[in-house]
Amino acid sequence: MDISFNPIQSIDKAMRLLFKNDAELSQQFTNSFDPIIRAADPKFADFQANGILPLAKKNRLNPVQLANDVCKKLLDSQAIDSSLFEISVAGPGFINFKLKAAYLSRWLENFSSTKAIQQETSQWLNKEVTVIDFPSANTAKQAHIGHLRPMVIGESIARILEFSGASIIRDNHIGDWGTNFGTLIMILKEKGIHVTDFTNPAEALELIDSLYKEGTKLENNNPELRNVSRNELLKLQNGDTENTYIWQSIIDVSNQAFEKLFEQLDVKIDYTLGESFYKDKVSRVYDELSSLEIAEESDGALVVWHNEIKKFAKDNKRPFPFNIRKKDGASNYASTDLATILYRIEHFKAKSVIYLTDSRQQDHFEQLFLTTKKWFQKKDYPLPKLKHVWWGTILGIDNKPIKTKSGESIKLQSLLDEAIERALKVVREKNPELPLDEQNEIAKAVGIGALKYVDLSSNRTQDYVFDWDRMLSFDGNTAPYLLYVIARINSIFRKAELNLSDSSLSNYFEVQSLYEIQLARKLIQFPITLNQTLSDLRPHFLSTYLFDLAGVFNNFYNNEKVIDSNPSIQQRRLSLCHRTHTVLSTGLKLLGITTVERM
RNA sequence: GGGGGCGUAGCUCAGUUGGAUAGAGCAACGGUUUUCUAAACCGUAGGUCACAGGUUCGAGCCCUGUCGCCCCUGCCA
């Protein structure tokens, strides 16, 4: 039997083969058998097969007796190697699989580094070309707390997909072609502000933001101005040189300001193709969907009905069509999103497209995907996998969407600054002797890490309550707690005067004590966690695991002395520290969190 | 009206896709350090899984109904 990266796969395979090859079993149970292998509660075993129970039920057999028979056959046929697994029947008819020290030790030898682990995980997605649509912020507006989740969740998911072998294209689909530009151009001209005066992007964006608010206010008081704005927008859309220049300058400023935030949050972007990029590509969408009779006119607009879905059906009491061209003939985000999918398959050859937005856009994407399927099928275009990854709202302590005291949305930059500032305060308190620049570096990693981790550690489809004290606490499921474990491990290696990259650490060693074995068993769960995280694109599965692992490690750390006079004991415990470091730092990296040497 | 999400310990959240006696952290109480970072660890206490039915060997999870909260629901994205 191989020492496989994911033991569930070996057990599953062994059991299926037994049912296929064993004369008695194959005769008695002619249909294919699903062993249903799951990770077990560690107090019972590492894995358990649940599949015997439904099988016994279906065939009116005693489940415990059947489980015992299967168990015996697994050992007799050597489908399960008894030197690697301890198997037993438990409860109403589960088969428990406990990994023996030999399995644990061999696994830790085979998958000792991030590179070795990635060699396995990178086969999962087979270089599938995947466009990930994030963080897709608005332009001409300052980033606020609402932009945090798309950046944090998007970056993490992109990293997880990449680590799992996808060929990732990060496409920042910005909203750069809205009606707000008419108002902006109007007010800039009205006040005689020249975009050439812009120097600092963040400041310029703040100005633009406030000018927009001023502009809409003026329009409300003076309807004449609304016509002026509308006219400026029309000129922009018709390619007027001056307005195009102003528009482009605003976009540039906006992108530069966001770029600065991406840098601080360690977000990487491959392309920034906004809605304006697709403005000359929407007519093909109208033409094709019209001539295929997928789209039709309704109240002057061009819309798509999906009669198979009640809420999108034409005869629904409250009609809710997919509006792909407004009645004034202008495009909207449905039109550009459709043009974008086409571009992504034709230009990027995308096999999969993943959209990241908040929960409120679920209907839009359901309609978008339905429309795309019908359209691509009729045209024989290759249909990519389409997935909408969405999340809930960040709430304040009052359980309402978080706002400043004056009721405005919190600026993202001030949020980051506050996180770092709060972290710095704690670092100074705990470690005043560290050099100042290192204190600052730690504060940055811990502060930003805490902010990101809190966003990733709860189930993304739920709202969560934002609480500074909790996220920066060093107890509980937080970034500081995890980063501290890494710092402790680094400290041990400094004391042992050994480098974490020392080749002796990747050698075979036999786990022995209770705490060593507990830690090894937890480490081996990493592929299962990662696989689960990937299948649902929910990073909190990974963070929960890392928190558990950190707890098991701390237990080991508190009970077993690593630096030991016996060199073989010290060697194997250092190796376990090294593996923990590998898994923790790999996991945190996949969450987009920067680790520190000391804290 | 329709749709989506949610309801689990005082608080904040998990719960491996239907498995064994429902778990963490915080807060409360008690304990552990001449020893690798105590920013740690261990223990105690805390539950009618909103409520009522149903499906089955087995339900926090699936189905039906009820109650409550949040969000979306034709030309913003």
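Labels below follow one simple rule: chain letters A, B, ... track the order of the sequence lines, proteins then strands, and each chain is numbered from 1. This is a predicted model, so every value here is computed, not measured.
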I need the CG-C1' distance between A:D536 and B:G5, as an integer number of Å. 15 Å
Counting only N and O atoms by type, is there a donor-acceptor contact under 3.5 Å from the side chain of A:D209 to the main-chain atoms of A:Q142? yes
Considering only atom P, compute the distance from B:A38 to B:A20 and round it to an integer number of Å. 36 Å
Identified pairing partner of B:C41, criterion: Watson-Crick or G-U wobble below 3.5 Å: B:G31
Once you apply a heavy-atom cut-off of 4.0 Å, does A:K561 come out as touching a base, just sugar-phosphate, or nothing? base
Among B:U16, B:A39, B:C6, the one nearest any side-chain atom of A:A39 is B:U16
Watson-Crick or G-U counterpart of B:G18, or none if no pair lies under 3.5 Å: none
Would you name the heavy atoms of A:A550 and A:Y481 that are closest together and state the gap between them? CB-CE2, 3.6 Å
Applying a 3.5 Å limit to both distances, which nucleotide forms a Watson-Crick or G-U wobble pair with B:C26? B:G10
Does A:N554 put a side-chain nitrogen or oxygen below 4.0 Å from OP1 or OP2 of B:A40? no
Tell me, please, which residues at least two apart from A:H364 pass side chain to side chain donor-acceptor pair (under 3.5 Å). A:Y333, A:D337
Nearest listed nucleotide, side chain of A:K311, among B:G3, B:C11, B:A39: B:G3
Have a look at A:Q367 and say if it touches a base, only the backbone sugar-phosphate, or nothing, with a 4.0 Å heavy-atom cut-off. nothing
Does A:K141 NZ have over 12 foreign heavy atoms under 6.0 Å away? no
Nucleotide forming a Watson-Crick or wobble pair with B:C69, both distances under 3.5 Å: B:G5
For the pair A:N138 (side chain) and A:G175 (backbone), establish whether a donor and an acceptor sit closer than 3.5 Å, ignoring hydrogens and angles. no
Rounded to whole Å, please give me the gap between CG in A:D475 and C1' in B:A27. 12 Å
Of all the choices, B:A20, B:G1, B:C41, which nucleotide is nearest to the side chain of A:N555 once you look at every atom? B:C41
Can you tell me, in whole Å, how much space there is between the C1' of B:U21 and that of B:G47? 13 Å
Using the P atoms only, state how far B:A9 lies from B:C75, rounded to an integer number of Å. 41 Å
Say we look at B:C63 and B:G23: how far apart would their C1' atoms be, to the nearest angstrom? 27 Å
Identity of whatever pairs with B:G74 - Watson-Crick or G-U, under 3.5 angstrom: none
Determine the interatomic distance between P on B:G15 and the same-named atom on B:C6; round to the nearest Å. 11 Å
Answer with yes or no whether the side chains of A:N459 and A:R538 bring together a donor and an acceptor at under 3.5 Å. yes
Need the pair for B:U56. Rule: Watson-Crick or G-U wobble, both distances under 3.5 Å, any strand; none if unpaired. none
Closest nucleotide among B:U16, B:A40, B:A20 to the A:Q532 side chain: B:U16
Which whole number of Å gives the distance between the C1' atom of B:A59 and that of B:U12? 26 Å
Does the side chain of A:N399 get closer than 4.0 angstrom to OP1 or OP2 of B:C69 through an N or O atom? no
Which residue, A:Y557 or A:T544, contacts RNA chain B at a nucleotide closer to its 5' end, judged by nearest heavy atom? A:T544
With rounding to the nearest 0.5 angstrom, report the CG to CD distance, A:L386 to A:E366. 12.5 Å
Given RNA chain B, 5'-ward residue of the pair A:A40 and A:F556, judged by closest heavy atom: A:A40
Heavy-atom donor-acceptor pair, A:N96 side-chain to B:A20 base, under 3.5 Å: yes
Nearest-angstrom distance, P atom, B:A50 to B:C13: 16 Å
B:C41 OP1/OP2 closer than 4.0 Å to side-chain N/O of A:Y481: yes
Using only side-chain N and O atoms of A:Q48, determine if any of them is under 4.0 Å from OP1 or OP2 of B:U16. no
Pairing partner of B:C49, by Watson-Crick or G-U wobble and under 3.5 Å for both distances, is none
Calculate the interatomic distance between A:L482 atom CG and B:A24 atom C1'; express it in whole Å. 13 Å
So which nucleotide from B:C36, B:G19, B:A38 ends up closest to the side chain of A:K495? B:C36
Judged by atom type as modelled, is there a donor-acceptor pair below 3.5 Å linking the side chain of A:D176 to the main-chain atoms of A:S276? yes
Listed nucleotide nearest any side-chain atom of A:D463, set B:A40, B:A20, B:C70: B:C70
For the pair made of CZ in A:R470 and C1' in B:G25, what is the distance, rounded to whole Å? 9 Å
If the C1' atom of B:U16 is compared with that of B:G74, how far apart are they to the nearest Å? 42 Å
Tell me what A:V465 touches on the nucleic acid: a base, only sugar-phosphate, or nothing, going by heavy atoms under 4.0 Å. sugar-phosphate
Contact pattern, 5' to 3', of nucleotides 71-77 of chain B - B, S or - by protein heavy atom under 4.0 Å: SSSBBSB
Picking from A:L546, A:T121, A:L530, what satisfies side chain to side chain contact (heavy atoms under 4.5 Å, CB included) with A:L590? A:L530
Would you kindly say whether A:N554 and A:Y484 are connected by a side-chain donor-acceptor distance under 3.5 Å? no
Select one nucleotide: of B:U16, B:C36, B:A40, the one nearest the side-chain heavy atoms of A:F474. B:A40
